[in-house]
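What you are looking at is a predicted structure, and each value in this text was computed from that prediction instead of being measured. Counting starts at 1 for both ligands and their atoms, following the listed order.
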Amino acid sequence: MYAARRILKKMRYGEATVTVVDPRSYMTYQPFLPEAAAGSISPRHVVVPLRRVLPHAEVLTGRVTSIDQDRRVAAVSPLVGQPYEVPFDYLVVALGAVSRTFPIPGLAEQGIGMKGVEEAIGLRNHVLEQLDKADSTTDEEIRRRALTFVFVGGGFAGAETIGEVEDMARDAARYYPSITREDMRFVLVDVADKILPEVGPKLGEWGLEHLRKRGIEVHLKTSLVSCVGGHVELSNGVTADSHTIVWTAGVKPNPALARYGLPLGPRGHVDTLPTLQIRGSDSMWSAGDNAQVPDLAARAAGEENAWCPPNAQHALRQAKLLGDNVIAGLRGFPQKEYKHASLGAVAGLGLRKGVAMIKVGGLTLRFRGRIGWYLHRGYHGMAVPTWNRKIRVFADWTLALFLKREVVALGAMERPREEFYEAAAPVTAAAVTRAEPAGQAAEPAERGGRAQEKEKAAAG
Ligand SMILES: Cc1cc2nc3c(=O)[nH]c(=O)nc-3n(C[C@H](O)[C@H](O)[C@H](O)COP(=O)(O)OP(=O)(O)OC[C@H]3O[C@@H](n4cnc5c(N)ncnc54)[C@H](O)[C@@H]3O)c2cc1C
């Protein structure tokens, strides 16, 4: 989206046509997914509709399935209907990354990813639904499972998501008579010996202590061994039964790249020159999480063989230079090299909790707690694309200062036709039998003990 915008901005009228192909009709600002999952930002405000921000481009909602470099055509598989070909003179490949998974028993069936806004919405509804379930059941086992939340991976995505979701669940528990924070079990697992490596060891250590103080169980140097049927087994022998297993253990370049016939690096990224041109081509470029771009700033500082890490800071800047280089290629001008020294990193761990590492000149400044959180919000609030979204996000945050957090679970949103179907479907004998199995009504169990306990504790 950024590259296309740049090309359209610099292009002379009629000089070229720009076609953007994406299976989603919107761009997602992923750093805000944890806040969207916690309800601090409306999910609609973390996405930007492509057709609105690229009014002069042709936007096709579909997937590029293959590229024929000799005939210069891309095969597009649209949302519906037959695939077709789109011819091109210049090509930009920016498919991003997908969750990196391992063949762990049960993971594919039980895991929840955190790469898209749909997953953030789903996770929020799911977690609140677990509180609804736990509060309304008389079965201790169901309750324990519902109140156990496991997150695998302690980088940006994992640490921020567990921080935000735990904060939301703690907040929401106030409205559930039988649930306190102590009844919930939050588990964070990582194979590394630290969390949040992006913000450096000092802030990572602070983040770890902070999460532990909030009652989150953190297991380092530990991996997920199995989660069949929601029964979680960790390599250190710890077990948990849970309906919520969130997988945030890193990303890998989009596997669709393997079908494009482009030169790939050892880990499947598009092999890209510092000019963002794909190696061996002067009319194809790549950037972002799917590209292996030499990190010239780190190399100049003595880090041999450094590559740009997969983050939004690089992706957005690369996209702008890429746009300029496409225009330069179109007009026969020289290409510029991408060189960007990291400005630092910020992470939010829930309301008014965060860390920020800011690099100014040769100095590295570190902030944590409330100031770290303000810097996290300030940075991302300004980085989210378009003024429309910036204003909406700041409005969400401002409203949240005065109104309480929204804690309604709209899980039924994923099955909107269910109730109508039940009303409209012909009533058959089989349906009646299924709904009310004769003579099998369970004895109603006692409920309410826990709620009274919580009331007493509150009163005491
Ligand atoms: C939860 C989370 C938190 C993060 N937090 C931070 C942070 O705090 N700071 C930071 O700097 N970075 C953060 N990141 C990383 C950052 O968001 C990514 O590095 C950045 O989004 C990469 O941009 P991209 O354009 O390369 O890929 P994406 O933004 O993933 O875009 C790729 C696009 O390609 C499309 N696509 C996929 N397959 C096809 C196909 N076959 N044909 C056509 N289109 C296709 C996708 O639909 C998508 O729109 C975070 C990521 C996550 C998931």
*Are side-chain N/O atoms of E35 and H376 paired as donor and acceptor at under 3.5 Å?*
yes
*asked:* Does either side chain, that of T61 or that of R51, offer a donor lying less than 3.5 Å from an acceptor on the other one?
replied: yes
Atom indices of ligand 1 within 4.0 angstrom of [X] heavy atoms, with elements:
X    : value
A94  : 32 (C), 33 (C), 34 (O)
R24  : 47 (O)
Y260 : 41 (N)
Q313 : 11 (O)
G288 : 26 (O)
M114 : 1 (C), 53 (C)
R63  : 40 (C), 41 (N), 42 (N)
N254 : 37 (C), 38 (N)

Enter the distance from [X]:[atom1] to [Y]:[atom2] here, rounded to the nearest 0.5 Å.
X    : Y    : atom1 : atom2 : answer
Y176 : L131 : OH    : CG    : 5.0 Å
F186 : L147 : CZ    : CG    : 9.0 Å
S283 : Q69  : OG    : CD    : 8.5 Å

Which residue and heavy atom of the protein sit nearest [atom], plus the separation:
atom                    : value
atom 10 (C) of ligand 1 : A312 N, 3.4 Å
atom 26 (O) of ligand 1 : D289 N, 2.8 Å
atom 43 (C) of ligand 1 : V21 O, 3.4 Å
atom 48 (C) of ligand 1 : D22 OD2, 3.5 Å
atom 3 (C) of ligand 1  : Q30 O, 3.6 Å
atom 4 (C) of ligand 1  : P31 CA, 3.7 Å
atom 44 (N) of ligand 1 : P23 CD, 3.2 Å
atom 27 (O) of ligand 1 : G96 CA, 3.2 Å

So is [X] polar-close to ligand 1, meaning N/O to N/O under 3.5 Å?
X    : answer
L33  : no
K115 : no
T28  : no

Proximity of [X] to ligand 1 by residue part, where a heavy atom lies under 4.0 Å:
X    : result
P310 : backbone
T65  : neither
H380 : side chain
A315 : side chain

Would you say [X]'s side chain and [Y]'s backbone share a donor-acceptor pair under 3.5 angstrom?
X    : Y    : result
Q313 : G344 : yes
K390 : M382 : yes
W373 : G350 : yes
Q318 : A315 : no

Please determine if [X] and [Y] form a salt bridge, counting it only when a charged side-chain N lies under 4.0 Å from a carboxylate O.
X    : Y    : value
E118 : R24  : yes
D89  : R72  : no
R170 : E166 : yes

*Is the gap between the ring centers of H380 and Y29 under 6.0 Å?*
yes
*Do the ring centers of W285 and F88 come within less than 6.0 Å of each other?*
no
_Result of checking K336, Q335, K10 against D324 for side-chain contact (heavy atoms from CB on, under 4.5 Å)_ = K10
*Heavy atom of protein inside 4.0 Å of atom 17 (O) of ligand 1, strictly below*: yes
*Is Y379 near ligand 1, meaning one of its heavy atoms is under 4.0 Å from it?*
no
*Which is closest to atom 39 (C) of ligand 1 in terms of heavy atoms, L95, V199, T161?*
L95
